[in-house]
Amino acid sequence: MLWKKKAMASYYDVPEGVDIRGRYDEEFAKILTKDALKFVADLQREFRNHIKYALECRREAKRRYNEGALPGFDPATRYIRDGKWVCAPVPPAVTDRKVEITGPVERKMIINALNSGAKVFMADFEDALSPSWENLMRGQVNLKDAVAGTISFHDRVRNRVYKLNDETAKLFVRPRGWHLPEAHILIDGEPATGCLVDFGLYFHHNCSKFQRTQGAGYGPFFYLPKMEHSREAKIWNSVFEKAEKVAGIEKGSIRATVLIETLPAVFQMDEILYELRDHSVGLNCGRWDYIFSYVKTFQAHSDRLLPDRVQVGMTQHFMKSYSDLLIRTCHRRGVHAMGGMAAQIPIKDDPMANEAALELVRKDKLREVKAGHDGTWAAHPGLIPTCMEVFNNMGNVANQIKTLKRDDAEHLTEEDLLQIPRGVRTMEGLRLNTRVGIQYLAAWLTGTGSVPLYNLMEDAATAEISRVQNWQWLKYGVELNGDGLGIKVNNELFGRVVEEEIARIEKEVGTDKFKKGMYKEACKIFTRQCTSPTLDDFLTLDAYNYIVIHYPREPSKL
Ligand SMILES: CC(=O)SCCNC(=O)CCNC(=O)[C@H](O)C(C)(C)COP(=O)(O)OP(=O)(O)OC[C@H]1O[C@@H](n2cnc3c(N)ncnc32)[C@H](O)[C@@H]1OP(=O)(O)O
Ligand SMILES: O=CC(=O)O
Ligand SMILES: [Mg+2]
């Protein structure tokens, strides 16, 4: 045992107080250099208490909502909302963000995304990635090669070599949210904060290349997920300032777009932009996590039950109000108001169904561009021409920041933003949530964070809706009022649904794949979370324990 431990410790050359418990790999060692780890450790040490405090504030807010309070605008920061300030000018490199493609930090997908014709590629360590050690470290290797312009990939089965085109999308990176630990990197005996690892390693290795290729002040670029309050944006701003100081680059070089994807954050949009005003390049409507957050925030409010997931679209009043206010806020402050992700993806084997899916995307994007969004997200390269065509409708301008102010949205109220979504609940809604939730989790446990299911893109955010919606319906014993059968949801009914849906999944994927996969484990985790007396904060927090593999190797939890 001793030799093993000694051998492991001598692999990665770590600074004082840092311990790497992930598998050794020569490629990973080029990322996990002593200098890079020291940078991450310094960030962790400087900001850990701020992060702990911010997470404690989230718990405190949850306690208030659970006692009946509603989220709303903060009277104490009215001066920020009423003030006439603007954010730093948008860097020329990213003025035009009409279509942004997103995807996990997987090698072939990175090349395809950068070559896709989209203006921006958001490389994802978050909703689209299962954060296993292998995925995270390979992702860092891939991004380093992508930024250097040397990335390539040989698909041996198809004997195809992938390389970057001369013209590529601009690269944004989305680190994990504040809540996720990185259990393979211990700093002073504690797991590191996941997003500081993602940000720190990427920044350390790629910042100088950005300065050389884009010029001072223009990158690297980030997307920041799942924030609930401007105090969290303030921490990011301080992280950026520290990183710029360490790297000796101009203040404001790093730029970030914040996803507004939690219900409390919609009341903090001005405040978030204000904290990040030197580093901001807009806000984005993260619609899927936003719906998840609506259920989570109102978990104790029995009068705010959601209809079937498919009915909670952007035309629901609370969703429309959120998008309108986001556009107004961003344009008033001089930055991009980005739209969100339509879940449809191309359907290969059915041209009519494919056209219908494209039509839904077209409609969604048309709504966004008319409302004033400056760009949108696409989940798949096959959607880019459709999205681009619609967004080119904005005319001969790179964005609508100056041309569509949306001052009419100024009067949107707390009631508008919280309005209960309308629609009905059905047995098929319960079944679909269960079927999708289990299959998504099974993929996630085996290293895949975004999957096509029933012709839709599913990732951690969409799976969260399935989970919390089932939980909410079970907790309040709701009536499935859209079937005409008057059935009430309870544990017994849910148990039957789970049994039938897992049998259906086995039939659909085939017994061989089912046996080799982790469907049963996923079913166990998903069922526990749906039936738990108290709602788990995140699906992936508990599931993360199942994908942590410490070296020297410990027995798996499954
Ligand atoms: C709520 C949110 O947070 S949204 C943002 C996070 N979610 C995402 O980013 C999802 C991104 N999308 C994806 O992961 C994928 O498109 C999926 C999983 C939905 C579908 O993937 P697949 O079934 O593999 O797609 P498909 O087989 O049609 O792929 C065809 C080609 O397009 C490529 N491709 C598909 N999606 C992407 C993408 N997002 N980026 C780059 N390339 C892509 C595939 O690699 C494949 O390339 P190849 O022909 O060279 O082999
Ligand atoms: O991250 C995006 C979302 O919709 O969630
Ligand atoms: Mg999200």
Side-chain angles (χ1 to χ4, degrees), residues 11-12 22-32 101-118 121-169 171 173-174 184 198 201-202 205-206 209 345-349 354 378-385 439-440 442-453 455 457-459 508-519 522 547 549 551 553 556:
Y11 276 139
Y12 291 107
R23 185 181 73 80
Y24 179 82
D25 185 290
E26 273 178 24
E27 286 301 306
F28 300 174
K30 291 179 195 154
I31 297 296
L32 297 164
I101 189 167
T102 69
V105 285
E106 197 249 306
R107 200 159 181 91
K108 182 181 79 173
M109 279 173 102
I110 290 176
I111 303 174
N112 280 341
L114 288 168
N115 287 343
S116 66
F121 165 45
M122 188 204 73
D124 202 6
F125 284 102
E126 216 246 341
D127 284 338
L129 191 83
S130 166
S132 65
W133 178 247
E134 303 296 315
N135 281 349
L136 293 165
M137 290 305 118
R138 282 196 200 296
Q140 291 284 352
V141 172
N142 296 338
L143 289 179
K144 190 167 175 230
D145 293 347
V147 174
T150 57
I151 190 168
S152 68
F153 175 73
H154 185 191
D155 180 341
R156 287 174 208 284
V157 180
R158 289 144 93 193
N159 194 23
R160 190 176 153 192
V161 176
Y162 292 73
K163 286 201 161 110
L164 291 181
N165 293 342
D166 291 340
E167 207 172 308
T168 56
L171 182 63
V173 167
R174 176 163 72 171
H184 301 93
D198 303 338
L201 295 177
Y202 174 73
H205 289 292
N206 300 295
K209 185 76 184 170
I345 48 177
I347 303 172
K348 289 168 203 155
D349 48 3
N354 187 49
H380 190 287
L383 300 173
I384 290 173
Q439 288 184 85
Y440 176 75
W444 195 92
L445 291 172
T446 47
T448 304
S450 55
V451 282
L453 287 175
N455 298 324
M457 181 274 312
E458 297 288 343
D459 68 5
E508 283 177 1
V509 303
T511 302
D512 196 38
K513 181 171 171 196
F514 186 85
K515 281 205 177 120
K516 284 188 190 139
M518 293 186 73
Y519 295 93
I547 63 168
I549 303 177
Y551 278 75
R553 208 169 171 139
S556 156

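Numbers for residues simply follow the sequence, beginning at 1.
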Subject >> Sequence-distant partners of Ala522, side chain to side chain contact (heavy atoms under 4.5 Å, CB included), two or more places apart >> reply: Ile438, Leu441, Ala442, Leu445
Subject >> Set of residues satisfying side chain to side chain donor-acceptor pair (under 3.5 Å) with respect to Glu458, sequence neighbours excluded >> reply: Arg309, Thr462
**OP:** Report the residues that fulfil side chain to side chain contact (heavy atoms under 4.5 Å, CB included) with Ala118, sequence neighbours left out, ordered by chain and then residue number.
**Re:** Ile101, Ser116, Ile384
Original post:
Do the rings of Tyr11 and Tyr24 sit parallel, tilted or perpendicular, given the 30° and 60° boundaries?
Top reply: parallel
Original post:
Residues two or more places apart in sequence or in another chain: which of them pass side chain to side chain contact (heavy atoms under 4.5 Å, CB included) with Asn112?
Top reply: Lys108, Tyr162
Original post:
Asp155: what forms a salt bridge (charged side-chain N to carboxylate O under 4.0 Å, His left out) with it, not counting sequence neighbours?
Top reply: Arg158
**OP:** Keeping to residues at least two apart or across chains, list the salt bridge (Lys or Arg N to Asp or Glu O under 4.0 Å) pairs with something in residues 121-141.
**Re:** Arg23-Glu134, Asp124-Arg174, Glu126-Arg174, Glu126-Lys226, Asp127-Arg174, Asp127-Lys226, Glu134-Arg138
Subject >> Pairs satisfying side chain to side chain donor-acceptor pair (under 3.5 Å), at least one member in residues 442-452, at least two apart >> reply: none
In residues 509-517, what donor-acceptor pairs under 3.5 Å come from side-chain atoms, sequence neighbours left out?
{"from": "Thr511", "atom 1": "OG1", "to": "Glu506", "atom 2": "OE2", "distance (Å)": "3.4"}
{"from": "Asp512", "atom 1": "OD2", "to": "Lys516", "atom 2": "NZ", "distance (Å)": "3.1"}

Subject >> Which residues share a side chain to side chain donor-acceptor pair (under 3.5 Å) with Lys163, sequence neighbours left out >> reply: none
Original post:
Which residues pass the side chain to side chain donor-acceptor pair (under 3.5 Å) test with Glu27, sequence neighbours left out?
Top reply: Lys30
Subject >> Asp145: side chain to side chain contact (heavy atoms under 4.5 Å, CB included) partners, not counting sequence neighbours >> reply: Arg107, Val141, Thr150, Ile151
Original post:
Excluding sequence neighbours, so at least two apart, what forms ring pair (Phe, Tyr, Trp, His ring centres under 6.0 Å) with Phe125?
Top reply: none
